[in-house]
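Report on the structure given below.
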Amino acid sequence: MADEQGSLVVRRRVYEKLAERAALSVDDVLAQSTGITAAFDDQASNSAALYRSLPRAVAHDDGSAISLSIAVRWPARVNEVCRTVSDQVVEDLFRFTGERPVRVDVDVAQLVSADTDSAGATSGTRGKPQRRRRSGFIDLPSASESVDLKKAASS
């Protein structure tokens with residue numbers, strides 16, 4: 001009897017929740033609730049089924065591959081944020097489950113301006129998203145506005 005060992009089965013949803021929490025632990029990653037069709041129809045945006053929370057993870061049953069969509073604060077170095085999120089997901093999954101995912105795909109589903117950050121970002125609660133303009137364009141400040149060019153040139 002003492003030689004028999006049990007097994008641990010980790011459900012797919014556990015991998016997804018761990019990946020989402022790991023993403024939120026990275027600077028410049030925001031918890032964001034968005035209405036998918038809010039830009040097109042005011043009545044449709046009232047349905048809870050049309051809201052999507054970010055970060056959002058989808059995992060294979062065995063946790064070998066994770067796909068993660070995140071919202072990133074603008075301006076940020078998106079490639080560095082994605083790399084850091086991927087590394088953090090691998091580290092946290094290994095720490096909590098003892099298994100490393102073979103693949104972690106990170107995509108940026110939303111860029112959130114630092115000016116509108118407090119209005120659109122949430123802390124895990126579902127708030128009504130801000131209405132976008134119908135043209136489909138999002139105004140982002142230029143990256144040069146966030147950097148003092150004189151200081152950068154003198155260093």
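Values in this document were obtained by computation on a predicted structure and should not be read as measured data. Numbers here are sequence positions counted from 1.
L68 has its side chain out of reach of D107: every pair of non-hydrogen atoms, C-beta onward, lies at least 4.5 Å apart. A heavy-atom distance below 4.5 Å is not found between the side chains of I66 and V58. Side-chain atoms of R77 and N79, non-hydrogen and from C-beta on, do get closer than 4.5 Å to each other. Contact check for Q88 versus S25: side-chain heavy atoms found under the 4.5 Å cut-off. A 4.5 Å side-chain heavy-atom check between Y15 and H60 finds every atom pair outside the cut-off. In this structure, D28 and R73 have side chains that are in contact, with non-hydrogen atoms separated by less than 4.5 Å. Counting heavy atoms from C-beta on, the side chains of E91 and L93 never come closer than 4.5 Å.
A distance of 12.0 Å separates CD of E80 from CG of D27, quoted to the nearest 0.5 Å. Distance CD/Q32 to CD1/I70: 12.0 Å, rounded to 0.5 Å.
Minimum heavy-atom separation, S69 to A109: CB-CB, 4.2 Å. Counting all heavy atoms, side chain and backbone alike, P55 lies closest to A31 at CD-CA, 4.3 Å. Contact between D62 and E99 at its shortest, heavy atoms only, is O-OE1, 3.6 Å.
Criterion: ILVMFWY side-chain heavy atoms under 4.5 Å apart, direct or through other members. Under it, F96 and V14 are part of a common hydrophobic cluster.
Taking the charged nitrogens against the carboxylate oxygens, K17 and E20 do have a contact shorter than 4.0 Å, which makes a salt bridge.
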Verdict with supporting geometry, E16 and R13, salt bridge (Lys or Arg N to Asp or Glu O under 4.0 Å): CA-CA 5 Å; E16 293 169 351; R13 190 71 186 129; 2.9 Å; yes
Check against side chain to side chain contact (heavy atoms under 4.5 Å, CB included), L111 and V78: CA-CA 9 Å; L111 289 174; V78 175; 4.1 Å; yes
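Each of V26, V108, L54 was compared with V72 under the side-chain contact (heavy atoms from CB on, under 4.5 Å) criterion, and only V108 meets it.
Between the side chain of S86 and the backbone N or O of C82 there is no donor-acceptor pair closer than 3.5 Å.
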